[in-house]
Amino acid sequence: MIDFSHLPTPTNKNIAIKLKPAAERAVKQGHPWIFEDAITKQSHDGVAGDLVVIYDKRKNKFLAVGLYDPNSPIRVKILQANQPAQINQAWFTEKLLKAQSIRQPLIDKGIKGYRLVYGESDHFPGLILDRYNETLVMKIYSAMWVPHLQTVLSALQDTIHFERLVLRLSRGIDTDKFGLFDGQVLIGEAVTEPIQFIENGITLSADVIHGHKTGFFFDQRDNRQRVRELSNDRTVLDVFSYVGAFSVYALVGGAKHVTALDISQPAMDALADNVALNNLSPDTITPMVADAFDGMAYLAKQKQQFDLVIVDPPSFAKSQAEVDRALTSYKRLVQLALPLVAPDGILLMASCSSRVKPDTFFNLIINTANQSGYGLDIIETTSHALDHPIGFPEAEYLKAMFVYIKK
Ligand code: SAH
């Protein structure tokens with residue numbers, strides 16, 4: 001365990017606030033965010049991680065307790081609403097046990113890589129915790145968790161079995177002064193190589209220190225299983241492949257050949273490792289390190305076609321202002337993917353931008369295909385896997401559509 005002596009501890013003085021009526025209603029209904037402009041009264045200025053108690057405007061009744069974040073327009077993130085609570089180790093323990101029980105169906109299936117805590121939906125706003133076998137990776141998105149870190153770690157050690165805990169930090173958190181850094185091992189042995197874990201009987205590995213987010217994307221687990229079922233005897237193109245999770249599932253499912261396309265060479269190297277880990281022949285996979293838009297245009301120019309095309313891009317809309325541009329990019333990707341799908345082949349299009357709503361995304365796929373002279377038979381539309389519960393509207397981000405493409 002690292003030395004926590006220079007970490008701040010929670011201040012004793014809770015901040016008291018009152019809200020505008022609409023925000024009050026939202027809090028009562030369980031929405032976990034309070035924006036700064038919804039606050040009408042505040043007892044005093046605080047520091048990141050102070051506990052905030054929200055009182056009812058008229059009767060001064062307890063409404064909720066949350067964490068203060070002076071650096072975010074979402075000034076308070078709610079831990080618990082409607083029922084007063086002492087936020088202490090016992091409270092974190094209770095929430096961790098609840099989170100684990102939600103994932104029990106995955107644990108029972110022998111799945112060793114999953115999201116144990118998904119932020120607000122599991123009462124840990126701005127904090128995620130992913131399990132990779134015996135390694136837990138905690139990513140914090142706000143400095144408001146720093147004063148509570150020791151308590152959360154103690155709760156974890158008391159409740160959850162694990163051997164190592166790695167800290168990942170969102171950009172913009174000024175943690176240097178506390179001696180924390182991204183990729184720091186807080187508990188357990190140093191990480192010297194990618195961590196292996198089993199998902200649906202498939203062995204995968206993740207670089208939990210440098211990889212995207214915590215190193216891997218568990219949210220696509222069910223879609224990958226679907227891809228495995230659809231891959232037998234098919235040729236597959238995996239666009240935005242990252243470390244090749246879809247590619248490996250396709251090969252295990254009997255795909256004849258997979259072409260994986262991603263801009264990142266390290267991701268492609270990790271893909272080769274994941275292929276080898278499952279005793280699959282390297283000849284069954286063609287890696288392409290290129291920009292996805294250019295790479296797809298190149299493949300079309302070569303008149304290449306695939307029986308199954310998977311397009312799983314990164315989030316294009318990180319803010320509301322970027323939504324229109326994101327929609328343009330999705331449209332472009334569909335236009336590029338369509339000619340790459342062999343006759344009666346399948347397209348899987350996914351979006352992880354929470355600001356692009358499922359209906360908007362699905363309609364965009366249908367309209368773009370129709371405008372380009374293609375017909376579609378929808379196989380199914382899907383959302384997150386079970387370990388990413390949608391506790392409030394903004395927590396919904398992943399949507400995917402499987403379609404047969406007809407010329
Ligand atoms: N499909 C993956 C997750 C994709 S994450 C899975 O199931 O695990 C998004 C990936 O897109 C990252 O690997 C990133 O390197 C890649 N990427 C981002 N911009 C890109 C671009 N313009 N062209 C190709 N790949 C890109």
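Indexing begins at 1, ligand by ligand and atom by atom, following the structure's order.
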Ligand 1 contacted by Ala267 (non-hydrogen, < 4.0 Å): no
Sub-4.5 Å side-chain heavy-atom contact between Glu380 and Arg226: yes
Close-contact set for ligand 1 against Tyr242 heavy atoms, below 4.0 Å: 2 (C), 3 (C), 4 (C), 8 (O), 13 (O)
Any Ala290 heavy atom less than 4.0 Å from ligand 1: yes
Given Asp122, Asp108, Asp387, the one that forms side-chain hydrogen bond (donor to acceptor under 3.5 Å, both in side chains) with Arg103: Asp122
Distance-only N or O hit between ligand 1 and Gln220, under 3.5 Å: no
Best match, Asp262, Ile310, Asp291: closest heavy atom to atom 12 (C) of ligand 1: Asp262
Atom indices of ligand 1, in the order listed, that fall short of 4.0 Å to a heavy atom of Ser264: 15 (O)
side-chain hydrogen bond (donor to acceptor under 3.5 Å, both in side chains) involving Thr9 - partner list, sequence neighbours excluded: none
Shortest reach to atom 26 (C) of ligand 1 by a heavy atom, considering only Tyr249, Phe217, Phe240: Phe240
Stepwise ring pair (Phe, Tyr, Trp, His ring centres under 6.0 Å) check, Tyr114 with Phe197: CA-CA 10 Å; Tyr114 54 87; Phe197 58 96; over 10 Å; no
For Phe246, atoms of ligand 1 separated by under 4.0 Å from a heavy atom: 1 (N), 7 (O)
Pair Glu120-Trp33, side-chain donor/acceptor within less than 3.5 Å: yes
Donor-acceptor side-chain pairing of Thr214 and Tyr132 below 3.5 angstrom: yes
Passing candidate, side chain to side chain contact (heavy atoms under 4.5 Å, CB included) with Met138, options Ile128, Leu129, Leu116: Leu129
Numbering as shown, the atoms of ligand 1 that approach Ala292 to under 4.0 Å (heavy-atom distance): 21 (C), 23 (N), 24 (C)
Atom indices of ligand 1 within 4.0 angstrom of Asp312 heavy atoms, with elements: 1 (N), 2 (C), 3 (C), 4 (C), 6 (C), 7 (O)
Any N or O of Pro314 closer than 3.5 Å to N or O of ligand 1: no
